[in-house]
Amino acid sequence: MQERKALHTLLAKRQEDLPPRRMKDSYLEVILPLGSQPQIREKYLNVYNSVRFGRILEDLDSLGVLICYTHTKQEAQPRSPLSIVTALVDKINLRKKVVHPDCDIKFTGNVSWVGKTSMEVKMHMLQLHDGDYCPVLDATFVMVARDPENKRPAFVNPLIPESPEEEEIFKQGEMNKLKRIDFSTASLLKMAPTAEERNIVHDIFLNTLDTRTVSFRSRVLPPNSVWMEDAKLKGLQICHPQERNIFNRIFGGFLMRKAFELGWATACSCGGSRPFIVSVDDIMFQRPVEVGSLLLLSGQVCYTEKNYIQVRVHSEVYDADTREHHTTNIFHFTFISENEVPRVVPKTYGESMLYLDGKRHFAATMKEI
Ligand SMILES: CCCCCCCCCC(=O)SCCNC(=O)CCNC(=O)[C@H](O)C(C)(C)COP(=O)(O)OP(=O)(O)OC[C@H]1O[C@@H](n2cnc3c(N)ncnc32)[C@H](O)[C@@H]1OP(=O)(O)O
């Protein structure tokens, strides 16, 4: 950090002082040689003889940051003054259920939109089959540039779209930002549910009343259902220095892997058969996780429909000295199970809000895939 302090003088005072970049300036292709270098397969292999998605999340996070460093690279500077951190995983949509552990994987990506200090990155993952690379997933992340000590935001190079297609991609980035603001304004933590949503919650409530006692208090679980309070799992992670990133905080990809694995286990125990990841959305990195933190993770099935399971993982750090808890991330995962899954039923008002939030995330995912 002492060394990094000296880099402050290299920061731009205004965004206009930085040379504009094109999308192709930050374009990178990286090969993960699972086919040609068998010795690296072990790290990626899961028990179903396919690739661990948590490892892919780590690779996407590192690649996203590397793409942003490429976008902001100044030839004259031996070292970048910027600390680039992951602010948001906007969306990851899977196009394939299974990723083979013995075929090469190619990642590609570039900066697709730029604000003042934030950059949207679009990445794609493809896998080699019979001589061709076939699409596996598409991902959109948002990274934020900070000063060398990671204390304040720092300007990034503007982005100039060069063709009508690139203008469309750039416009989409702008729209994504507005959509995120709308989604967050309508959050159930800030606003009451809509009339339609209130009816859904009340119908669920009526459906769980015990017809014999006719009381507001006695509740009965409908057939093929599970109470939400019984559809959760918890985990603890001690954040050892091994998981730190280049800014001495816990690596975002590691947090995603741990949250994904708990989310998967939660979906597995609720659904009763093997779940496959379909989509990841709206993972907001609200605050950095310090090395040495006790990270508490809670996985909750929020919503189910047919074979689909919507899981939310909440992560918080616990400070044993002050006994305070601070939320660091909320993760949203959509899984598809091999068999039809039970319906989850909320009992309390808080659970009903989690249910509606899960239903909203599920609906947004289904619209896209
Ligand atoms: C070399 C290659 C290999 C490298 C591999 C290492 C990879 C290392 C990557 C990591 O591991 S990072 C670790 C995981 N991430 C974190 O710990 C970040 C934790 N969160 C934070 O530190 C802050 O919440 C964050 C810096 C993201 C935002 O801080 P603020 O809320 O104070 O932001 P501010 O209001 O100053 O806004 C700054 C910009 O961020 C944007 N922003 C903030 N939160 C956002 C969000 N949630 N979604 C989208 N954009 C967001 C905001 O719009 C604005 O953009 P513009 O300047 O372009 O207008």
Side-chain angles (χ1 to χ4, degrees), residues 4 11-12 14-16 18 26 28 30 32 54-55 57-73 77 79-91 107 109 111-123 139-159 170 172-185 187 237 239 241-259 281-291 293 295 315-317 326-332:
R4 287 188 66 82
L11 288 176
R14 303 175 315 152
Q15 189 178 32
E16 303 79 69
L18 292 165
S26 61
L28 291 183
V30 181
L32 175 60
R55 289 286 185 213
L57 288 175
E58 290 183 322
D59 289 346
L60 286 171
D61 197 30
S62 299
L63 178 64
V65 171
L66 187 59
I67 287 171
C68 290
Y69 274 117
T70 309
H71 174 86
T72 54
K73 192 171 161 57
Q77 293 176 352
R79 229 174 130 186
S80 173
L82 302 176
S83 307
I84 296 176
V85 300
T86 314
L88 178 81
V89 177
D90 186 68
K91 200 84 210 164
F107 293 98
V111 171
S112 50
W113 172 87
V114 158
K116 291 268 176 228
T117 67
S118 61
M119 291 161 275
E120 184 191 77
V121 181
K122 284 207 183 294
M123 289 173 281
T140 307
F141 283 41
V142 179
M143 310 295 185
V144 171
R146 318 268 294 165
D147 69 17
E149 294 175 273
N150 195 0
K151 286 189 173 155
R152 272 177 283 275
F155 292 118
V156 298
N157 303 62
L159 179 68
F170 193 89
Q172 189 63 47
E174 198 69 46
M175 270 154 56
N176 284 345
K177 183 174 178 170
L178 299 175
K179 207 170 65 188
R180 283 193 289 270
I181 294 170
D182 282 353
F183 207 82
S184 123
T185 314
S187 160
Q237 206 58 50
C239 296
Q242 186 187 9
E243 310 303 343
R244 70 186 182 278
N245 64 21
I246 47 177
F247 322 116
N248 216 21
R249 300 275 172 67
I250 296 299
F251 173 44
F254 169 77
L255 302 174
M256 285 196 265
R257 172 160 65 86
K258 287 292 161 188
D281 87 302
D282 197 26
I283 301 181
M284 216 193 272
F285 287 84
Q286 297 176 9
R287 54 162 71 206
V289 176
E290 303 293 337
V291 174
S293 299
L295 187 73
S315 81
E316 60 185 10
V317 285
H326 293 288
T327 297
T328 56
N329 299 75
I330 313 267
F331 303 83
H332 301 275

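Counting starts at 1 for both ligands and their atoms, following the listed order. As the structure is a prediction and not an experimental result, all values here were calculated from the model.
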Engineer: Quick one: nearest non-hydrogen protein atom to atom 41 (C) of ligand 1, plus distance?
Structural biologist: V144 CG2, 3.9 Å

Engineer: Is atom CD of Q242 surrounded by more than 12 heavy atoms (other residues, nucleotides or ligands) closer than 6.0 Å?
Structural biologist: no

Engineer: If I apply the N/O under 3.5 Å rule, does N245 come out as touching ligand 1?
Structural biologist: yes

Engineer: Tell me the nearest of V89, V65, V289, T328 to atom 9 (C) of ligand 1, using heavy-atom distances.
Structural biologist: V65

Engineer: Looking only at protein heavy atoms, identify the closest one to atom 22 (O) of ligand 1 and say how far it is in Å.
Structural biologist: P288 CD, 3.7 Å

Engineer: For atom 11 (O) of ligand 1, what's the nearest protein heavy-atom neighbour? Residue, atom name and distance, please.
Structural biologist: G252 N, 2.8 Å

Engineer: Is atom 28 (C) of ligand 1 close to the protein, meaning a heavy atom under 4.0 Å from it?
Structural biologist: no

Engineer: Out of all atoms in ligand 1, which are within 4.0 Å of some heavy atom of P153? Include the element for each.
Structural biologist: 36 (O)

Engineer: Does E290 use its side chain to pair, donor to acceptor, with the backbone of C239 at less than 3.5 Å?
Structural biologist: no

Engineer: Do T70 and S26 get their side chains close enough for a donor-acceptor pair, meaning under 3.5 Å?
Structural biologist: no

Engineer: Which protein heavy atom lies closest to atom 37 (O) of ligand 1, and at what distance to 0.1 Å?
Structural biologist: T117 OG1, 4.7 Å

Engineer: Measure the acute angle between the ring planes of F285 and F331, then classify it against the limits of 30° and 60° as parallel, tilted or perpendicular.
Structural biologist: perpendicular

Engineer: Could you tell me whether E58 and R55 have a side-chain N and a carboxylate O separated by less than 4.0 Å?
Structural biologist: yes

Engineer: Could any protein non-hydrogen atom be found less than 4.0 Å from atom 55 (O) of ligand 1?
Structural biologist: yes

Engineer: Can you tell me how far CZ of F251 sits from OG1 of T86, rounded to the nearest 0.5 angstrom?
Structural biologist: 7.5 Å

Engineer: Does the N or O separation between T86 and ligand 1 drop below 3.5 Å for any pair?
Structural biologist: yes

Engineer: Heavy atom under 4.0 Å from ligand 1: found in R146's side chain, backbone, both, or neither?
Structural biologist: side chain

Engineer: Short question: side chain of N157, backbone of L18 - any donor-acceptor pair under 3.5 Å?
Structural biologist: no

Engineer: In terms of atom number and element, which parts of ligand 1 are under 4.0 angstrom from non-hydrogen atoms of G115?
Structural biologist: 58 (O)

Engineer: Could you identify the single nearest non-hydrogen protein atom to atom 44 (N) of ligand 1 and state the distance to 0.1 Å?
Structural biologist: A87 CB, 4.4 Å

Engineer: Could an N or O of ligand 1 be found under 3.5 Å from any N or O of V142, whether backbone or side chain?
Structural biologist: no

Engineer: Kindly state if atom 47 (N) of ligand 1 has a protein heavy atom within a strict 4.0 Å cut-off, that is, under 4.0 Å?
Structural biologist: yes

Engineer: Do the side chain of T117 and the main chain of V144 share a donor and acceptor less than 3.5 angstrom apart?
Structural biologist: no

Engineer: Just verifying a value: how many Å separate C68 SG and E120 CD, rounded to the nearest 0.5 Å?
Structural biologist: 10.5 Å

Engineer: Within the structure, does R180 bring an N/O atom to less than 3.5 angstrom of an N/O atom in ligand 1?
Structural biologist: no

Engineer: Would you confirm whether any non-hydrogen atom of the protein falls under 4.0 Å from atom 50 (N) of ligand 1?
Structural biologist: yes

Engineer: Please confirm whether the backbone N or O of P148 pairs with a side-chain atom of R4, one donor and one acceptor, at under 3.5 Å?
Structural biologist: yes

Engineer: Could you list which atoms of ligand 1 come closer than 4.0 Å to a heavy atom of L88?
Structural biologist: 48 (N)

Engineer: Please determine whether any non-hydrogen atom of R287 lies less than 4.0 Å from an atom of ligand 1.
Structural biologist: yes

Engineer: Can you list the atoms of ligand 1 that are under 4.0 Å from a heavy atom of I250?
Structural biologist: 13 (C)

Engineer: Is the backbone N or O of L295 less than 3.5 Å from a side-chain atom of S293, with the two atoms forming a donor-acceptor pair by type?
Structural biologist: no

Engineer: For I84 and M119, run side-chain contact (heavy atoms from CB on, under 4.5 Å): C-alpha distance rounded to whole Å, both residues' side-chain angles, the deciding distance at 0.1 Å, then the answer.
Structural biologist: CA-CA 10 Å; I84 296 176; M119 291 161 275; 4.3 Å; yes

Engineer: Strictly under 4.0 Å, does any heavy atom of K177 approach an atom of ligand 1?
Structural biologist: yes

Engineer: Tell me if a side-chain donor or acceptor on S83 pairs with a main-chain N or O of D147 at a distance below 3.5 Å.
Structural biologist: yes

Engineer: For atom 1 (C) of ligand 1, which protein heavy atom lies nearest, and how many Å away is it?
Structural biologist: L66 CD1, 4.0 Å

Engineer: Spell out, as yes or no, whether a donor-acceptor pair under 3.5 Å connects the side chain of T327 to the backbone of E316.
Structural biologist: no

Engineer: Heavy-atom contact check, 4.0 Å cutoff: does V156 meet ligand 1?
Structural biologist: no

Engineer: Out of curiosity, R257 CZ to L57 CG, how far, rounded to the nearest 0.5 Å?
Structural biologist: 10.0 Å

Engineer: Pick whichever of W113, F285, F254, F247 has a heavy atom sitting closest to atom 14 (C) of ligand 1.
Structural biologist: F285

Engineer: Just let me know how S118 lines up against ligand 1, side chain, backbone, both or neither, with a heavy-atom cut-off below 4.0 Å.
Structural biologist: both

Engineer: Considering only heavy atoms of F251, which atoms of ligand 1 have at least one such atom less than 4.0 Å away?
Structural biologist: 7 (C), 11 (O)

Engineer: Is any side-chain heavy atom of T328 closer than 4.5 Å to a side-chain heavy atom of Q286?
Structural biologist: no

Engineer: With a 4.0 Å cut-off, strictly under, does atom 17 (O) of ligand 1 pick up any protein heavy atom?
Structural biologist: yes

Engineer: Can you figure out which of G64, G253, S62 has its heavy atom closest to atom 3 (C) of ligand 1?
Structural biologist: S62

Engineer: Please confirm whether M284 comes within less than 3.5 Å of ligand 1 when only nitrogen or oxygen atoms on both sides are compared.
Structural biologist: no

Engineer: Are any of the side-chain heavy atoms of F141 and M123 separated by less than 4.5 Å?
Structural biologist: yes

Engineer: Closer than 4.0 Å and a protein heavy atom, does any atom meet both conditions relative to atom 24 (O) of ligand 1?
Structural biologist: yes

